[in-house]
2 protein chains.
Amino acid sequence: MSLSSAGPSPQEGSSTCPGTPEGTTPAAGGPPTCAGVAPELVRSVLERIGDKWSVIVICRLGPEPRRFNELRRLVDGITQRMLTATLRGLERDGLVTRSVFPTVPLRVEYALTDSGRTLLDVVQALVGWAGANAETVHVARTEFDRRAREQPQPVGAG
Amino acid sequence: MSLSSAGPSPQEGSSTCPGTPEGTTPAAGGPPTCAGVAPELVRSVLERIGDKWSVIVICRLGPEPRRFNELRRLVDGITQRMLTATLRGLERDGLVTRSVFPTVPLRVEYALTDSGRTLLDVVQALVGWAGANAETVHVARTEFDRRAREQPQPVGAG
DNA sequence: CTGCATCCACAGGGATACTG
DNA sequence: CAGTATCCCTGTGGATGCAG
């Protein structure tokens, strides 16, 4: 299996988030932080929500519990392998619960936990940002991309 | 160069974010959305903030403009190649500006743009969540990991 | 229906050497 | 100091086949 962060990385820190990192340059001798949290921890979250499917799955689990193939249809382009892996990772982090119903065709339902719901809130903020800045980013990207084809050769441009 | 999303993907959508996707199962014939936004777009953002370095760099650029090697020291484990690539990607998306000072040793400063600052805000919420749930996630992860070594062989366990 | 194991292709990302 | 190009390893994730 080749999931992300499979090894033990016990770097919990103080779990405090003051939120006032005003130019304190803590990197010079102290532990490099983002907003009072170690980047290792940030990395951990990013790896979880940035693995291409976790966020979408979390959003789909928002309203109500979902069955495996139900999620599979909802997520659209996801493969069985990835859905399983994503769900397992989310379950491992205590973000979703896995309920097995020993019926004949076998039924498994997934639902967000309390922690998962709090993450959903943050994730939706991210999605909201994406929606609000989609056009801006697209324009900037196009501009940059276009300009990158004119700047490269300042010599002989005239 | 092997940056992410180098190809043109003009799927901007309506850039609207109602936030009320109540069980409407839009996947059956309609465009799969997360909170009113297409997953393609979400993917785009996630690829940007989930690429292992972007978030940390954005946070470091939060307070004030930074020079190249200054950032390099602040981010800690980043390589020159990755810092350049990350900065370029951020610049491409209009999230950061690149100012060149043609001095003798040559000086380049990077700073967040307006869009970058709004993303910083969202990102910090994410970092905040990471800090607040670090311990909880770590515990859940340990529990799950430990339980995974006992469940696999229910047969012959008694 | 749900899930795991294997094979395989591609892209992200690290180390290093070179240029301006 | 700042940046680019090359080499190469690894993880991520897709396709498929098998099992409970």
Side-chain angles (χ1 to χ4, degrees), chain A residues 1-7 9 43-44 46-57 65-92 96 98-110 148 151-155, chain B residues 1-7 9 39 43 46-57 65-92 96 98-110 148 151-155:
Chain A
M1 190 175 289
S2 57
L3 273 174
S4 60
S5 59
S9 46
R43 191 84 53 76
S44 188
L46 270 309
E47 279 178 16
R48 178 62 53 207
I49 67 115
D51 68 352
K52 190 180 184 183
W53 297 114
S54 291
V55 170
I56 305 180
V57 170
R66 301 286 189 182
R67 293 188 58 182
F68 188 82
N69 278 312
E70 186 179 8
L71 271 174
R72 196 174 174 180
R73 283 189 293 274
L74 256 43
V75 177
D76 182 47
I78 197 170
T79 60
Q80 179 278 325
R81 174 177 153 71
M82 282 301 101
L83 182 54
T84 300
T86 302
L87 251 12
R88 291 262 298 190
L90 258 24
E91 186 193 358
R92 195 174 114 100
V96 312
R98 179 172 175 273
S99 305
V100 182
F101 297 78
T103 55
V104 179
L106 184 53
R107 178 194 185 84
V108 181
E109 285 194 351
Y110 294 88
Q151 297 286 11
Q153 59 275 42
V155 294
Chain B
M1 190 175 291
S2 56
L3 274 176
S4 60
S5 61
S9 46
R43 191 83 55 76
L46 271 309
E47 278 177 17
R48 177 61 54 205
I49 67 117
D51 69 349
K52 191 180 184 181
W53 295 115
S54 291
V55 170
I56 305 179
V57 171
R66 301 285 188 183
R67 294 186 57 179
F68 188 83
N69 279 314
E70 185 179 9
L71 272 173
R72 196 174 175 181
R73 283 188 292 274
L74 256 41
V75 177
D76 179 47
I78 197 171
T79 59
Q80 179 278 328
R81 175 177 151 68
M82 282 300 99
L83 181 55
T84 301
T86 301
L87 251 15
R88 291 263 298 187
L90 258 24
E91 186 192 1
R92 196 174 113 100
V96 311
R98 177 172 176 277
S99 306
V100 182
F101 299 78
T103 55
V104 178
L106 185 53
R107 177 195 186 84
V108 181
E109 284 194 350
Y110 293 89
Q151 296 287 10
Q153 57 274 43
V155 294

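These figures come from a predicted structure and were not determined experimentally. Quick note on labels: first sequence line is chain A, next is B, and so on, each numbered from 1.
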task: Please report the shortest heavy-atom distance between A:L87 and A:V96, naming the atom on each side.
output: O-CG2, 3.9 Å
- line: Protein heavy-atom contacts under 4.0 Å, written 5' to 3' over nucleotides 14-20 of chain C as B (base), S (sugar-phosphate only) or - (none), form the string BB----B
message: Rounded to whole Å, how long is the line connecting atom CG of A:L46 with atom P of C:dG13?
response: 11 Å
A:L106 vs A:V100 side-chain heavy atoms within contact, under 4.5 Å: yes
message: Could you work out, with side-chain contact (heavy atoms from CB on, under 4.5 Å) as the rule, every residue matching B:R67, not counting sequence neighbours?
response: B:E70, B:R107, B:E109
- request: Send over the distance from B:D51 CG to D:dG11 C1', rounded to a whole Å.
  value: 15 Å
field: Worked check of side-chain contact (heavy atoms from CB on, under 4.5 Å) between B:L90 and B:R48
entry: CA-CA 8 Å; B:L90 258 24; B:R48 177 61 54 205; 3.6 Å; yes
- request: Rounded to the nearest angstrom, tell me the gap between atom CD in A:E70 and atom C1' in C:dT2.
  value: 14 Å
message: What is the separation between atom CZ on B:R67 and atom C1' on D:dG3, rounded to the nearest whole Å?
response: 14 Å
task: Could you tell me the separation between the CG atom of A:L71 and the P atom of C:dC1, rounded to a whole number of Å?
output: 14 Å
message: Need one value for A:F101: base, sugar-phosphate or nothing, where a base atom within 4.0 Å counts as base even if backbone is also close, heavy atoms only.
response: nothing
field: Which residues share a side-chain contact (heavy atoms from CB on, under 4.5 Å) with A:T79, sequence neighbours left out
entry: A:R81, A:M82
- line: In short, B:L46 meets A:G50 closest at the heavy-atom pair CD1-CA, 4.2 Å
query: Where is the tightest heavy-atom contact between B:I78 and B:R72, given as atom of each residue plus distance?
result: CG2-O, 4.1 Å
message: Nearest to the B:R88 side chain among D:dT4, D:dG13, D:dG3, which nucleotide is it?
response: D:dT4
query: What is the nucleic acid contact for A:R72, judged by heavy atoms within less than 4.0 Å: base, sugar-phosphate only, or nothing?
result: nothing
message: Among residues at least two apart in sequence or on other chains, which ones pass side-chain contact (heavy atoms from CB on, under 4.5 Å) with B:V104?
response: none
task: Take atom CG of A:L87 and atom P of C:dT2, then tell me their distance rounded to the nearest Å.
output: 11 Å
query: Is the closest side-chain heavy-atom distance between B:R66 and B:V57 below 4.5 Å?
result: no
- prompt: Tell me: CG of A:N69 to C1' of C:dG3, nearest whole Å?
  reply: 10 Å
message: Please report the distance, rounded to the nearest Å, between CZ in B:R73 and C1' in D:dC1.
response: 10 Å
message: With each end axis built from five pairs of C1' atoms, what bend angle do you get for the helix from C:dC1-D:dG20 to C:dG20-D:dC1? Round to 10°.
response: 40°
